[in-house]
Asker: 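Please find one structure pasted underneath; my questions will follow.
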Amino acid sequence: MLYIENKLQIALAHAIKSLYQVENTEIILQPTRKEFKGSHTFVTFNLSKKLQKNPETTANEIGVFLLENNSDLVEKFEIVKGFLNFTITNKVWLQLFIDAQNDTNLGKNPSKNSRVMVEYPSPNTNKPLHLGHLRNIFLGDSVSRILSADGYEVIKANLVNDRGIHICKSMLAYQKFGHNETPETAQIKGDHLIGKYYVEFEKQLRKQLEPLMQKIENNDFSDFSDEHQIKIKPLVTQINKSKDNLKEQKKYNDAKSDLKQLVQNYTSLMREAQEMLQKWEKNDTLTKALWTKMNGWVYQGFDETYRNLGVSFDKFYYESNTYLLGKDIVEEGLKKNIFYQKEDNSVWIDLVNEKLDHKLVLRGDGTSVYVTQDLGTADLKYKDFNIQKSIYVIGNEQEYHCQVLFKILQKLERPYAQGLHHLSYGMIELPEGRMKSREGNVIDADEMIVEMKDVAEKKCKEFGRIEGLSENEKQNLFNQIGLGALKYFLLKIDPKKKIIFNPEESVEFNGDAAPFIQYNHARTCSIMRKAKELNLLFSAENYQNYTNWHESEQYLLELLLSFPKQITEAAHSYSPSVLAQYSYDIAKSYSKFFTECSIFQAETESAKSFRIALSDFTQKTLEKSLYLLGIESPQKM
RNA sequence: UGCCAAAUAGUAUAAUGGAUAUUACGAAAGCCUCCGAAGCCUUUGAUAGCGGUUCGAUUCCGCUUUUGGCAACCA
């Protein structure tokens, strides 16, 4: 495919030079639209304009030239308006097909000798994973596979957020209300047990918050220090002002959540959580022991979920080990005059010229902020793996943060700074709004997996083609299909777009969906089983005389041969959706081919061989393409 | 108030500045004596608004509208 494109470009450049004495024109080919004949299209408008000629005349002159001089490549051409559509000789296609069949590196582009790290999903250890994490995990996993297929050496890294105030919240709730229960005694998966106490903390917190809020509503501020009253009062004014104003609902909500945030600090629970965090930072033995125990449970739970999802990691980083990093970088930045210091000793960077405002990088008391440790971690990753590129799979709410982080690293002239990329994705929301773990209205990842599997089981039993399988094989199949449907559902959509997930409308299993693709894979397998049974040969010498292809054969063949290009495109844009669409295209084309061309009742023996070979190649390409999405390809379903 | 993103049929989705705007779900008709009908095949319907650049704009540039997000010494 690439071969054809290059050849055609060279031929076109030659033609244009010979005909018009024009050199160095950019020759851009695009795929010919389905409704027209041919595979490659050269658009002649630009050139014609330069030459001051009619586009159709130009197109015709070039077409004739190529037909005369490159008849081994170009079979014929057609002109529609200014579009010059080439039909490539079947001999060339056939040779490419034979080469591709013999290629042992199908689905693996040549090595780039370059190392890239993909960081995902970097969860907090205070709650189980939810549907949003699944989008992150599937994206990270798929992009890792794609980059690896495109010739990079990939390191999958998971930076676990295992410390901080939110972790202390579940610890504290467990200490108070947990009665020493364990995942074993409670019969709950470790991460879910911890999540239960995180929700419990928030519930108790709301109870303590209510009387305080009530007082404020009655204009009683006696509980609060003067310093806080100054902050609280304007918020109350704002709330009262925008309360009944429909247009200012957002302002109202913002002010209200700001107020809650402030008032929370007056509850005993929040104070205890803060104290616990301080104890943790001072390495208090009991606190650390509780923390280790509870995080251990969470990791067991996460491991199980990762296993069920079919994803793995090469490297785990823990924030408890990295949260103090980066302070040396702050000093370095100060020396280099990239950062500046205020009177209170806090350290800042001026990014006004980058439209990013001023940003704090170290507090006045010398403690870190979020970006400080991220600076340190970036250096650590480079030190550990000598990576040229680093992909951060993080939600779009942190776009600003990533911009700041990358910009600082650029200013510090880090060798890896040019290779940093934030793979940003939109949130998954419910019809009623954002998912909030605190409030318990989330689509749980583990539950989702089970539900998908159940649907798959139900469908499989309806279609009734799985009698021969053992119980193990059946369970495995239900998993492959259910999980495939879910992965495809989340990966086919442009990451930038937010997804509103309606639990009432189930994940698609028909049409533009993974089970349809898997189904066609199973079909190709079925054909190959039968071909083997019948002892039919499908090596090149058996079909090399058959080039009178049916339209659907031709289309499928061209599509299959574009696989390497699709991988490169997906890798280049970090976008699994390219391959989702590609896999679907193949399945659709095979399905069409399947109904339009009989394989075992083919008109000639060579046609039969060709169709078996085409099925074989479809099977291989589909399997590898789905693999890049993290989706498995069943042989029967 | 600034910055960023999104806006495509009833719904969901696609399109390096190119042709009659992709695909699916939904709805309506047809196709299993023949390799797997989770299929194939017809039909149906959309670029938020106004302007600009261009031979050509869903795409690029303005302005407007709507929806999210960010702008915090939270992560």
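A, B, ... follow the sequence lines: proteins, then strands. Residue 1 opens every chain.
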Asker: Please say whether more than 12 non-hydrogen atoms of neighbouring residues, nucleotides or ligands are located less than 6.0 Å from NZ in Lys327(A).
Answerer: yes

Asker: Could you state the CD-C1' distance from Glu508(A) to G26(B), rounded to the nearest angstrom?
Answerer: 10 Å

Asker: Go ahead and name the base partner of C3(B); Watson-Crick or wobble counts if both distances stay under 3.5 Å, otherwise write none.
Answerer: G69(B)

Asker: Atom CZ of Phe509(A) and atom P of A24(B): how far apart are they, to the nearest Å?
Answerer: 19 Å

Asker: Answer yes or no: does a side-chain N or O of Arg33(A) lie under 4.0 Å from OP1 or OP2 of A19(B)?
Answerer: yes

Asker: Take atom CZ of Phe36(A) and atom P of U20(B), then tell me their distance rounded to the nearest Å.
Answerer: 7 Å

Asker: What is the base-pairing partner of C63(B), counting Watson-Crick and G-U wobble geometry with both distances under 3.5 Å?
Answerer: G49(B)

Asker: Whole angstrom is fine here: how far is it from NZ in Lys169(A) over to C1' in A75(B)?
Answerer: 11 Å

Asker: May I ask you to evaluate whether Lys608(A) reaches the phosphate of C35(B), defined as a side-chain N or O under 4.0 Å from OP1 or OP2?
Answerer: no

Asker: Without decimals, in angstroms, what is the distance between Asp512(A) CG and G39(B) P?
Answerer: 12 Å

Asker: On the nucleotide A38(B), are OP1 or OP2 found under 4.0 Å from the side-chain N or O atoms that Arg465(A) carries?
Answerer: yes

Asker: Between the protein and nucleotides 53-55 of chain B, which nitrogen or oxygen pairs are less than 3.5 angstrom apart?
Answerer:
| unit_1 | atom_1 | unit_2 | atom_2 | d |
| --- | --- | --- | --- | --- |
| C55(B) | OP1 | Lys49(A) | NZ | 2.6 |

Asker: Ile500(A) CD1 to U13(B) P: how many Å, rounded?
Answerer: 9 Å

Asker: Provide the distance between the two C1' atoms, one in U23(B) and one in U13(B), to the nearest whole Å.
Answerer: 7 Å

Asker: What I'd like to find out is whether the side chain of Phe86(A) reaches to under 4.5 Å of the side chain of Leu12(A), using heavy atoms alone.
Answerer: yes

Asker: Answer yes or no on whether Lys496(A) is positioned over the face of Tyr425(A), meaning its NZ or CZ is under 6.0 Å from the six-membered ring centre and within 45° of the axis.
Answerer: no

Asker: With stacking defined as ring centroids separated by under 5.5 Å and planes differing by under 30°, is Tyr519(A) stacked against G36(B)?
Answerer: no

Asker: Choose from C41(B), G36(B), A71(B) the nucleotide whose nearest atom is closest to any side-chain atom of Asp357(A).
Answerer: A71(B)

Asker: Name the orientation of the base relative to the sugar in C32(B): syn if the glycosidic angle is within 90° of 0, else anti.
Answerer: syn

Asker: Below 4.0 angstrom from OP1 or OP2 of C40(B), is there any side-chain N or O of Thr595(A)?
Answerer: no

Asker: Starting at CD of Glu399(A) and ending at P of A6(B), how long is that distance when rounded to a whole Å?
Answerer: 9 Å

Asker: Can you tell me how far CD1 of Ile481(A) sits from CE of Met452(A), rounded to the nearest 0.5 angstrom?
Answerer: 12.5 Å

Asker: Whole angstrom is fine here: how far is it from NE2 in His401(A) over to C1' in A71(B)?
Answerer: 14 Å

